[in-house]
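For reference, the structure is listed below as structure tokens.
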Amino acid sequence: MLRHDSRSENQLRNVEIETNVMKYSEGSVLITFGDTKVLCSATVEERVPKFIRGKGTGWIAAEYQMLPRATQTRNMRESTKGKVSGRTMEIQRLIGRSLRAVIDLTLLGERSIIVDCDVLQADGGTRTASITGAFVAVQLAIQELMRKNIIKKNPVKDYLAAISVGILPSGECVLDLDYKEDVAALVDMNLVMTGSGRFVEIQGTGEEATFSGEELNTLLFYGKSGIETLIAKQKEVLLVSKRQETSQEKKEVLIATRNKGKAKEFAAIFAEKGFTVKTLLDYPDLPDVEETGKTFEENARLKAETIAQIVQGPVLADDSGLIVDALLGQPGIYSARFAGPNKSDAANNAKLLHELTGIATEKRTARYHCTLVLAEPNKESLVVSGELEGTIGTIPQGENGFGYDSLFYIPSEKKTAAELSEDQKNRISHRAKAIEALRGQWKS
Ligand SMILES: O=P(O)(O)OP(=O)(O)OP(=O)(O)OC[C@H]1O[C@@H](n2cnc3c(O)ncnc32)[C@H](O)[C@@H]1O
Ligand SMILES: [Mg+2]
């Protein structure tokens, strides 16, 4: 059965997290879950509450409030009433407690972070949106403290997000209830969980109704998947905001590779041009891009364009491989996974030698190919390539390089690629040639 807003049972509302929306706060976020909108602002103060003073540890607390017209009819401000309601008190304690569960207060030093969660518009799930947004605001404030070298070690132990689940009058378990569903719900539950899938808090009540263990399992299952989606979103916005700051400070290129050998070569070649290189190894939170293309270009595009879209900045990707004539061009785009999905250089080399058993030296011609794609959001990508000619040896020689280098003999150098020094290889390699081809076009 579809829900009144046509969502499926385990579907979140549209979630947006906008960062740094306030001028003065150390970290701020506007988070929306459908029509629920919460402004979360994190303030750093160089003091802690009396009960922990002098102990060298920090503190994190939250305040929660709804604007008078966040709801369909106006609610008097609590400041006018002169009294904080029990509901407000309970929610702000929940937010503070949840944040403290994933932050190492001793690493924070004797200072506090106070998070103000102000609900601009309420359509159900204001406390879960507050927790999810507050975590990002706190992370931004902590990034700021680290950038200023005020704290040395990151006190954030894990990600944190929250979502509601419930059972509708139809008996259906659902994720992320809006206000209309929430008022009618038979069972109402809020889940707070960490990035590693651990629970911080479960608040669940049957509203004059009961629920079974099986229903509870379904609710937890939906909640967990919703929280995974929220945390992926948090990672994305935090990464983008971090990169926007660092790339303004220095000349930096992001290369969408997880291959250490490539990363090292790119770093050396780009260093000469005054650039620092970052790769996916520096950003473990970025997703793995599946190489489903049929050509080097298609795969390089997939890697570069997917990551550029996420980080909203320029990204370079390399798709490369070894083309062996006697094997009709194999392993080609499958070079990394020639011997199977586990990507082992040793196994790939063994398989290559095996496939070429009995093939005479003059028939063992091959070339390394590299296609580079430079992608930027909302721009046509640049595509260039480079090749290096060689032959495949019969025994591995040399210790440098990576991949097939110890079997790749370069006649003009009278050495295998693994016998060349790093510098020598970077002067003649397929990768260096492709970067050279990119250079002229890229300056703009
Ligand atoms: O996709 P990314 O994360 O960049 O890393 P990968 O290792 O999977 O990279 P490719 O999909 O482009 O596959 C390239 C493979 O081709 C081989 N290769 C490419 N360039 C090489 C080089 O300079 N020296 C030795 N082997 C190379 C090596 O086996 C690589 O793993
Ligand atoms: Mg690959």
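Whatever order the structure lists ligands and atoms in, that order sets their numbers, starting from 1. Treat the numbers as computed from the prediction; the structure is a model and nothing was measured.
- In this structure, ligand 1 sits under 4.0 Å from heavy atoms belonging to T257, R258, N259, K262, E291, K303, D318, D319, S320, G321, S335, A336, K343, Y368, F402, G403, Y404, D405, K425, H430, R431.
- Excluding waters, the protein N/O/S atoms found under 2.8 Å from the Mg ion (ligand 2) are E291 OE2.
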Please output the side-chain donor-acceptor pairs of residues 330-340 that fall under 3.5 Å, not counting sequence neighbours, one pair per line with the distance.
{"residue": "S335", "atom": "OG", "partner": "L322", "partner atom": "N", "Å": "2.8"}
{"residue": "S335", "atom": "OG", "partner": "G332", "partner atom": "O", "Å": "2.6"}

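- Residue-environment remark: CZ (F402) exceeds the threshold of 12 foreign heavy atoms within 6.0 Å.
- Side chains of Q11 and R3: no donor on one and acceptor on the other come within 3.5 Å.
- In this structure, K235 forms a cation-pi arrangement with Y159, its terminal cationic atom sitting closer than 6.0 Å to the ring centre and no more than 45° off the ring axis.
- Counting only distance, with no hydrogens or angles, the side chain of E298 and the backbone of K294 share a donor-acceptor pair below 3.5 Å.
- Checking T365 against D325 by side-chain atom types alone, a donor-acceptor pair falls below 3.5 Å.
- Side chain of N426 to main chain of I269: no donor-acceptor pair is present (N/O by atom type, distance under 3.5 Å, no hydrogens or angles).
- For Q92, there are no side-chain hydrogen bond (donor to acceptor under 3.5 Å, both in side chains) partners two or more places apart in sequence or in a different chain.
- With rounding to the nearest 0.5 angstrom, the OG1 atom of T416 is 7.5 Å from the CG atom of D405.
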